[in-house]
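Below: one structure, written as structure tokens.
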Amino acid sequence: MTINQSGWKPTTPVAGATDTGTVTGNRALMLEEALIFEIGDTQTTGVDIAPADKSTGGIASLLRSDPIGLPGLSEPETVRHYTRLSRQNYAIDLGLFPLGSCTMKHNPRLNEKMARLPGFADIHPLAPRETVQGALELINELAFWLIDLTGMHGVAMSPKAGAHGELCGILCIRAALEARGDARSVVLVPESAHGTNPATAAFAGYKVENIPATPEGRVDLEALKARLGPDVAAVMITNPNTCGLFEPDMKAISDAVHAAGGFVYCDGANFNAIVGKVRPGDLGVDAMHINLHKTFSTPHGGGGPGSGPVVLSEALSPFAPLPYTARTADGVVHLIEEEQADAFAEEHFGGKLQSFGRMTAFHGQMGMFTRALSYILSHGADGLKQVAEDAVLNANYILRSLEDVLDAPFAHSGPCMHEALFSDKGFADGVSTLDLAKALIDEGFHPMTMYFPLVVHGAMLVEPTETESKAALDQFIMALRSVAERCKEGDESLKSAPHHAPRRRLDETLAARKPVVAWKEPVPAAAEAPTPSEVGDR
Ligand SMILES: *Cc1c(COP(=O)(O)O)cnc(C)c1O
């Protein structure tokens with residue numbers, strides 16, 4: 001393949017970008033960009049270094065003999081390539097991100113500053129304990145905040161995401177049941193649960209059974225009670241649930257589950273709606289993960305690793321995974337690993353640990369711990385309470401501002417919590433939630449969560465979060481109202497939206513089923529080149 005100096009090949013317009021009306025594929029400041037394999041070549045490099053001497057030493061026999069074949073560009077072209085690609089992403093720093101159940105909110109820059117302090121950022125997990133006392137103290141301090149805010153007994157800090165935390169909690173439950181010689185095989189999960197709940201239970205070896213929802217979108221308490229029995233290990237409940245509603249029967253659910261010898265797992269992904277207002281420990285919860293990347297504003301999605309500490313009841317705490325931190329009366333913070341566990345527990349707590357094992361190699365996501373504690377300390381207890389209040393206020397503002405144009409199936413049952421749920425009822429024939437979401441992209445917004453929860457037809461779950469101003473909400477509402485009205489009128493142009501995005505309507509099923517994840521050099525001429533639809537429109 002021959003490439004001109006600038007890397008731009010005017011005779012080969014970029015696939016999928018041919019209808020821009022410009023020869024470059026660019027649309028004003030929205031710049032088109034091909035893959036690096038298409039614009040780079042193996043002969044070009046941005047660095048100029050002398051070839052290395054032939055090594056004759058130890059590993060010489062392992063040296064690569066054929067070229068590595070990676071495409072290169074000059075330095076400025078490389079910078080432009082990745083900058084242009086990055087501009088094709090939507091990000092929380094560009095606009096409102098209404099993804100329900102995900103809590104995509106502003107990441108305060110103070111957190112970033114704290115996480116970059118060299119004393120936290122530049123340490124190694126294997127550094128001698130006495131040299132990293134400050135970092136251990138930070139983990140321990142965050143652990144105490146999480147225990148305090150949830151009214152629980154202990155916390156496992158190491159899980160690295162919400163789903164990982166769910167697994168940790170269910171493994172604690174399994175260990176507690178095994179310790180009392182109680183073989184239970186079933187985990188009950190409500191219909192509206194996030195997909196990770198049944199997946200976690202199944203992964204831990206349990207049979208998953210559904211609990212139905214009431215017409216008000218809440219767990220059917222009577223149906224749950226009727227199913228409880230000696231085979232039920234645990235019930236997994238999300239509270240507030242994924243319909244954006246608080247489960248008012250939570251305490252009654254916990255009491256019934258405990259009376260039947262089971263444990264209560266609470267999916268705490270929506271904790272930002274109740275932080276500072278409700279303590280899950282008071283509701284009888286035995287284990288709950290907290291997504292630091294949701295409630296406590298640490299970056300998530302493509303923005304960085306998550307962190308999912310799991311708070312535990314007194315009954316489950318002894319089974320928590322190692323390592324964990326503990327501060328003894330002398331003020332020293334210990335990182336307890338397998339070797340010290342029993343001796344330490346005996347000396348300081350007068351008991352034995354029955355840890356089920358480990359979740360990760362080390363103690364968890366230090367950078368996320370630092371950001372989350374920074375967020376907690378900068379808000380204080382009163383500020384955290386306001387987080388929940390503002391998250392709920394913003395969601396209700398969305399709900400009430402749109403319920404006349406979008407069907408809101410549970411709006412009659414009172415205010416929502418932190419997210420507003422709508423359905424596609426009332427859309428013109430042939431117009432779907434997907435069409436609405438695509439048209440929202442043209443308006444410059446990331447779509448909301450679609451087709452989840454499953455209990456609502458064509459669901460649209462909107463979570464504005466507490467960090468959006470009224471002006472930002474009003475702009476979003478204006479855009480969504482306009483798109484919703486077009487959906488009701490049956491505007492034909494919706495079917496091919498988005499019209500202004502870098503790519504048009506993609507065949508998402510094909511892209512999901514047959515993703516093209518590796519670039520192949522195109523077959524020259526008309527030979528056997530795949531049609532664009534066969535390659536999923538990239
Ligand atoms: C986000 C979420 C999860 C999973 O958390 P991850 O950190 O993405 O693994 C589980 N349950 C609910 C309700 C969620 O919103």
Side-chain angles (χ1 to χ4, degrees), residues 92 97 99 101-117 120-121 125 135-152 154-169 194 196 200 238 240 266-276 279-280 285 287-312 320-321 323-325 359-360 362-381 383-385 387-388 391 418 463 465-467:
I92 192 70
F97 221 115
L99 273 183
S101 182
C102 294
T103 311
M104 301 290 287
K105 66 187 184 192
H106 174 64
N107 310 137
R109 293 307 184 263
L110 178 66
N111 301 353
E112 300 304 316
K113 206 169 169 184
M114 294 302 112
R116 283 164 178 73
L117 289 175
F120 296 131
L136 295 180
E137 172 80 35
L138 183 144
I139 300 175
N140 207 52
E141 170 103 16
L142 176 62
F144 274 105
W145 268 97
L146 298 180
I147 288 170
D148 252 15
L149 287 168
T150 55
M152 300 288 277
V155 58
M157 296 298 288
S158 60
K160 298 198 174 192
H164 203 208
E166 286 174 34
L167 183 62
C168 173
H194 192 272
T196 50
T200 295
T238 308
C266 181
D267 182 326
N270 299 333
F271 191 52
N272 69 318
I274 55 171
V275 61
R279 300 192 315 162
V285 168
M288 181 180 93
H289 71 264
I290 299 169
N291 310 60
L292 297 186
H293 47 289
K294 296 182 181 172
T295 302
F296 296 108
S297 84
T298 69
H300 81 345
S307 182
V310 183
V311 286
L312 297 163
Y324 69 84
T325 58
M359 292 301 291
T360 63
F362 297 110
H363 6 29
Q365 307 281 37
M366 188 66 206
M368 296 301 123
F369 296 159
T370 313
R371 288 174 176 86
L373 186 64
S374 160
Y375 182 80
I376 287 173
L377 294 180
S378 58
H379 279 69
L384 289 176
K385 198 164 152 226
V387 162
H418 59 305
E463 177 173 8
T465 81
E466 69 281 4
T467 53

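FYI, side chains are in, hydrogens and waters are out, and symmetry mates aren't considered; it's all heavy atoms of this structure.
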(request) For S307 and M368, work out which heavy atoms get closest and say how close. (result) CB-CB, 3.7 Å
(message) I need the single residue from T298, I376, L110 that forms a side chain to side chain contact (heavy atoms under 4.5 Å, CB included) with R371. Which is it?
(response) T298
(request) Apply side chain to side chain contact (heavy atoms under 4.5 Å, CB included) to H418 and I274, showing your working. (result) CA-CA 9 Å; H418 59 305; I274 55 171; over 6 Å; no
(request) Determine the minimum heavy-atom distance between G162 and N291, stating which atoms define it. (result) CA-ND2, 3.4 Å
(message) Using 0.5 Å steps for rounding, measure from the CE atom of M288 to the OG1 atom of T238.
(response) 11.0 Å
(message) What's the separation between atom OG1 in T370 and atom CG in L292, rounded to the nearest 0.5 Å?
(response) 10.5 Å
(message) Within this structure, what is the CD1-CG distance for the pair I290 and D267, rounded to the nearest 0.5 Å?
(response) 11.5 Å
(request) State, without any angle test, whether E463 and S101 hold a side-chain donor-acceptor pair at a distance under 3.5 Å. (result) no
(request) Return yes when atom NZ of K160 has more than 12 non-hydrogen atoms of other residues, nucleotides or ligands closer than 6.0 Å, and no otherwise. (result) yes
(request) Decide yes or no for E112 and P299: does some side-chain heavy atom of the first lie under 4.5 Å from some side-chain heavy atom of the second? (result) yes
(request) Mind checking the CG-CG spacing from N140 to L142? Nearest 0.5 Å is all I need. (result) 9.5 Å
(request) List the atom of V310, the atom of A287, and the distance in Å for their closest heavy-atom pair. (result) CG1-CB, 4.3 Å
(request) Indicate the atoms forming the closest heavy-atom contact of F296 with A372, along with that distance. (result) CB-CB, 3.9 Å
(message) Counting C-beta onward and ignoring hydrogens, is there a side-chain heavy-atom pair between L146 and M152 closer than 4.5 Å?
(response) no
(request) Take V311 and F271, measure what side chain to side chain contact (heavy atoms under 4.5 Å, CB included) needs, and give me the verdict at the end. (result) CA-CA 12 Å; V311 286; F271 191 52; over 6 Å; no
(message) To the closest 0.5 Å, what do you measure between OG1 (T200) and CD (E166)?
(response) 3.5 Å
(message) Looking at S374 and M114, would you say the former's side chain and the latter's main chain have a donor-acceptor pair under 3.5 Å?
(response) no
(message) Among residues at least two apart in sequence or on other chains, which ones pass ring-ring contact (aromatic ring centres under 6.0 Å, His included) with F369?
(response) none
(request) Keeping the roles fixed (side chain from S378, backbone from Y375), state whether a donor-acceptor pair exists under 3.5 Å. (result) yes
(request) Over all heavy atoms of both residues, which pair between P159 and M359 is shortest? Give the atoms and the distance, please. (result) CG-CG, 4.3 Å
(request) Check whether any side-chain N or O of K105 sits under 3.5 Å from a backbone N or O of T295 as a donor-acceptor pair, and report yes or no. (result) yes
(request) Give, for atom NZ of K294 and atom OG1 of T465, the distance between the pair rounded to the nearest 0.5 Å. (result) 13.0 Å
(message) Would the distance check show the side chain of H300 and the main-chain N or O of C102 forming a donor-acceptor pair, the cut-off being under 3.5 Å?
(response) yes
(message) Give me the atom names and distance for the closest heavy-atom approach of P321 to A156.
(response) CD-CB, 3.6 Å
(request) State which residue, out of H164, M157, Q365, fulfils the side chain to side chain contact (heavy atoms under 4.5 Å, CB included) condition with T360. (result) H164
